[in-house]
Structures are given as structure tokens and as C-alpha cells.
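Data first, discussion second: the structure below is written as C-alpha cells.
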Amino acid sequence: MNELTARGEDVSFDALVGRLVEEYDERRRHDIERAVTAERERLSGAEVRSFLPVLVERAARDHLEPTSLSRGGPV
């Protein structure tokens with residue numbers, strides 16, 4: 001990955017964290033950053049990088065959303 005691509009991804013992921021903080025709550029910033037970082041690292045070897053921000057956002061949201069089990073919903 002070249003430096004320009006890396007900087008572009010950094011900007012995209014910083015914006016993603018900002019959106020998620022606005023949506024979830026500033027108090028959850030640490031959890032949000034950790035979820036985004038973990039998913040970004042998991043996908044770091046991907047050759048096609050165009051969709052990484054979308055994939056990372058979906059995975060981070062899955063991590064941040066309470067499961068139906070924790071809400072007492074059906075299993």
C-alpha cells in the first residue's frame with residue numbers, strides 16, 4: 001500500500017470513528033476506536049481496499065450493538 005492510500009484510509013477511518021461517536025455517544029469513544037482498529041487490523045491484508053471502510057463500519061456496528069440475547073429477545 002502506498003503512502004497516499006494509507007493517508008486516505010486514515011482519513012476515512014477517522015471520519016468513521018467520528019460518525020459512530022456522534023451516533024452512539026462520546027462516552028463510548030474508546031470502545032468505538034477499539035472496534036474500528038480491531039476490524040481494520042483483521043482486514044489489513046486485503047488486496048482490494050476500496051470497500052474496507054464499509055466493511056469495517058459494519059463489523060464495528062455489529063460489535064457495538066447489543067445482541068438480541070442481551071436485550072432479552074428471542075434466541
Side-chain angles (χ1 to χ4, degrees):
M1 172 174 24
N2 66 38
E3 187 178 332
L4 184 58
T5 302
R7 279 188 285 166
E9 283 185 9
D10 289 342
V11 169
S12 293
F13 289 114
D14 288 346
L16 169 59
V17 168
R19 283 194 312 274
L20 292 174
V21 166
E22 285 179 14
E23 184 175 332
Y24 287 96
D25 192 345
E26 176 66 38
R27 291 173 291 185
R28 295 196 64 194
R29 179 178 285 276
H30 178 70
D31 293 334
I32 292 165
E33 289 174 342
R34 188 172 53 213
V36 168
T37 299
E39 193 59 24
R40 188 176 179 187
E41 288 174 1
R42 188 178 77 78
L43 296 171
S44 66
E47 291 184 34
V48 178
R49 307 202 63 83
S50 300
F51 298 104
L52 284 184
V54 172
L55 296 173
V56 169
E57 181 171 359
R58 287 182 181 172
R61 285 181 184 280
D62 287 346
H63 176 77
L64 295 166
E65 289 291 327
T67 64
S68 62
L69 214 84
S70 66
R71 290 188 307 240
V75 177

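Start at 1 with the first residue, then count along the sequence. Just so it is clear, the values below take in all heavy atoms, side chains as well, and ignore hydrogens, waters and symmetry mates.
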Rounded distance [0.5 Å steps], NE2 in H63 versus CZ in R34: 5.5 Å
Closest non-hydrogen atom pair, S44 against R49: O-NH1, 3.1 Å
Approximate separation, where rounding is to 0.5 Å, of L64 CG and D25 CG: 11.5 Å
In one Ile/Leu/Val/Met/Phe/Trp/Tyr side-chain cluster, 4.5 Å: L43, V54: no
Which donor-acceptor pairs under 3.5 Å do the side chains of residues 12-23 make with protein atoms, sequence neighbours left out?
from, atom 1, to, atom 2, distance (Å)
S12, OG, G8, O, 3.2
R19, NH2, E57, OE1, 3.2
E23, OE1, R61, NH1, 2.8
E23, OE1, R61, NH2, 2.9
E23, OE2, R61, NH1, 2.8

CG-CZ distance between L55 and R40, expressed to the nearest 0.5 angstrom: 13.5 Å
R42 CZ to L52 CG distance, which is reported to the nearest 0.5 Å: 10.0 Å
Salt bridge (charged side-chain N to carboxylate O under 4.0 Å, His left out) partners of E41, counting only residues at least two apart: none
